[in-house]
Peer 1: 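Sharing a structure here in structure tokens format.
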Amino acid sequence: KSEHVARVIDVGKLENGAPFMVMEFLNGKDLADTIEHQGALPWPAAVEYVLQACEALAEAHAAGIVHRDLKPANLFLIQRADGSPCIKVLDFGISKMVGSLSMPGMTKTTAVMGSPLYMSPEQMKSSKDVDHRTDIWSLGSILYELLSGNPPFIDDTMPQLCLMILQDPLPPITQLRHDVPIQLEHVIRRCQEKDPNQRFQN
């Protein structure tokens, strides 16, 4: 019911048995498109967008739902009636309920679910065993990209990208953006701790 999650209005089946879902119509663009056309964002705007995503995720996490596929393309920017910006979190398609049994065929630890550029180290190892703290890692990656124009870890090959996420230190955002407050860099760094116990816990 969060303002910051795309609303599902109805679900059902067509006469031929095919399922359908009716969702609210969103007029705007996602943050991946925003970055592509505008480049890095002013840090107050980036913070506002991520804080709104945090509101949606706080509600999801409280309900035991882990998104597992947070990325700029799944954060949709619209305008409220008063013209103020509003972020909608999209695509809970591979979300999981904490403590729930996995679907058949989804239990292999070798199955990678999510977008690798934004996946936490533990999700790289086993998508089915993660908790809400994997979303907190992804939020740090998104905030880093909104501020720099690129995700914190990039490589052309999946194995090398995994290795970087698992082992490499986070490149300081303040080396790329001198206007970013040091306190904001500390927030990003804590979101991106390799050990989930060292991240923000909610």
Side-chain angles (χ1 to χ4, degrees), residues 1-97 113-120 123 127 132 134-152 154 173 176-177 179-181 184 187-188 191 200 202:
K1 297 182 194 250
S2 170
E3 175 192 11
H4 301 292
V5 175
R7 298 290 180 91
V8 176
I9 299 165
D10 195 14
V11 294
K13 288 187 177 181
L14 301 175
E15 290 181 3
N16 64 3
F20 69 83
M21 179 184 293
V22 181
M23 301 180 74
E24 67 175 318
F25 177 76
L26 300 177
N27 187 14
K29 58 185 176 180
D30 63 52
L31 292 187
D33 190 51
T34 301
I35 295 168
E36 183 178 345
H37 288 92
Q38 297 182 23
L41 304 181
W43 70 260
V47 169
E48 175 63 24
Y49 297 162
V50 171
L51 283 174
Q52 291 187 25
C54 284
E55 287 190 37
L57 290 167
E59 191 167 325
H61 292 167
I65 299 168
V66 183
H67 190 288
R68 293 197 297 185
D69 196 21
L70 291 171
K71 55 188 175 183
N74 283 340
L75 300 183
F76 201 86
L77 177 61
I78 65 169
Q79 284 191 331
R80 297 185 181 95
D82 64 1
S84 62
C86 180
I87 290 293
K88 298 275 190 175
V89 178
L90 309 179
D91 196 1
F92 282 78
I94 65 165
S95 63
K96 65 169 267 189
M97 293 293 293
M113 290 188 296
S115 302
L117 291 171
Y118 310 96
M119 284 170 55
S120 66
Q123 192 168 349
S127 293
H132 63 279
T134 195
D135 288 343
I136 292 174
W137 169 282
S138 300
L139 285 172
S141 298
I142 291 167
L143 185 52
Y144 190 103
E145 183 171 357
L146 294 178
L147 294 171
S148 70
N150 292 297
I154 306 175
I173 190 69
L176 304 171
R177 286 280 301 271
D179 63 320
V180 170
L184 186 51
V187 168
I188 296 171
C191 289
F200 296 109
N202 55 53

Peer 1: Does anything in residues 29-40 form a side-chain hydrogen bond (donor to acceptor under 3.5 Å, both in side chains)? List the pairs, not counting sequence neighbours.
Peer 2: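 Non-adjacent pairs meeting side-chain hydrogen bond (donor to acceptor under 3.5 Å, both in side chains): Asp33-His37.
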Peer 1: If we only count heavy atoms from C-beta on, is the Pro85 to Leu77 side-chain gap below 4.5 Å?
Peer 2: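 Yes, their side chains come closer than 4.5 Å.
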Peer 1: What distance separates Leu70 CG from Trp137 CH2, expressed to the nearest 0.5 Å?
Peer 2: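 The distance works out to 14.0 Å.
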Peer 1: Do any pairs count as a side-chain hydrogen bond (donor to acceptor under 3.5 Å, both in side chains) and have a residue in residues 13-23, sequence neighbours left out, and if so which ones?
Peer 2: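 Matches after skipping sequence neighbours: none remain.
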Peer 1: Please name the pair of heavy atoms, one in Arg7 and one in Ser2, separated by the smallest distance, quoted to 0.1 Å.
Peer 2: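 Here Arg7 and Ser2 meet closest at NE-O, 3.5 Å.
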Peer 1: Are Asn150 and Ser148 close enough that a side-chain donor and a side-chain acceptor fall under 3.5 Å?
Peer 2: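 Side-chain D/A pair, Asn150 to Ser148: absent.
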Peer 1: Within this structure, what is the OG-NE2 distance for the pair Ser138 and His67, rounded to the nearest 0.5 Å?
Peer 2: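 The distance works out to 9.0 Å.
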Peer 1: Nearest 0.5 Å, please: how far is CE in Met21 from CG in Asp10?
Peer 2: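 CE of Met21 is found 10.0 Å from CG of Asp10.
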Peer 1: Would you check if Ile173 and Leu184 make a side-chain contact, meaning some heavy-atom pair closer than 4.5 Å?
Peer 2: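 Contact flag for Ile173/Leu184 side chains = no.
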Peer 1: For Ala40 and Gly149, which heavy atoms make the closest approach, and how far apart are they?
Peer 2: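 Where Ala40 meets Gly149 most closely, the heavy atoms are CB-N, 4.0 Å.
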Peer 1: Which residue pairs pass the side-chain hydrogen bond (donor to acceptor under 3.5 Å, both in side chains) test with at least one member in residues 52-66, sequence neighbours excluded?
Peer 2: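 The answer is His4-Gln52, Glu48-Gln52, His61-Asp135.
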Peer 1: Work out which heavy atom in Cys191 is nearest to a heavy atom in Phe200; give both atom names and the distance.
Peer 2: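 Shortest heavy-atom separation between Cys191 and Phe200 comes out as SG-CD1, 3.8 Å.
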Peer 1: Looking at side-chain heavy atoms only, is the closest gap between Ser141 and Pro151 below 4.5 Å?
Peer 2: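 The answer is no, as the side chains (C-beta and beyond) never meet within the 4.5 Å cut-off.
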Peer 1: Any idea which heavy atoms bring Phe76 and Leu26 closest together, and the distance?
Peer 2: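 Shortest heavy-atom separation between Phe76 and Leu26 comes out as CE2-CB, 3.6 Å.
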Peer 1: Say you draw a straight line from CG of Leu41 to CG of Leu143; how long is it, rounded to the nearest 0.5 Å?
Peer 2: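 Separation between the atoms: 10.0 Å.
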Peer 1: How far apart are the C-alpha atoms of Leu31 and Ile87, what are their side-chain angles, what is the distance that settles it, and do they pass the side chain to side chain contact (heavy atoms under 4.5 Å, CB included) test?
Peer 2: CA-CA 9 Å; Leu31 292 187; Ile87 290 293; 4.0 Å; yes
Peer 1: Supply the atom-to-atom distance Ile188 CD1 to Tyr144 OH, rounded to the nearest 0.5 angstrom.
Peer 2: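 Rounded to the nearest 0.5 Å, the CD1-OH separation comes to 8.0 Å.
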Peer 1: Do Leu117 and Lys71 have side chains that approach each other closer than 4.5 Å (heavy atoms only, starting at C-beta)?
Peer 2: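 Result no, sub-4.5 Å side-chain heavy-atom pair not found.
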Peer 1: Do you know which of Leu75, Val50, Val47 makes side-chain contact (heavy atoms from CB on, under 4.5 Å) with Leu146?
Peer 2: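 So, applying the side-chain contact (heavy atoms from CB on, under 4.5 Å) to Leu146 and each of Leu75, Val50, Val47, only Val50 qualifies.
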Peer 1: Measure the spacing between CD1 of Ile136 and CG of Asn202 and express it to the nearest 0.5 Å.
Peer 2: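 Reported value, rounded in 0.5 Å steps: 6.5 Å.
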Peer 1: Look at the side chain of Lys88 and the backbone N and O of Glu3, then say whether any donor-acceptor pair between them is shorter than 3.5 Å.
Peer 2: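 Yes, Lys88 side chain to Glu3 backbone: donor-acceptor pair under 3.5 Å.
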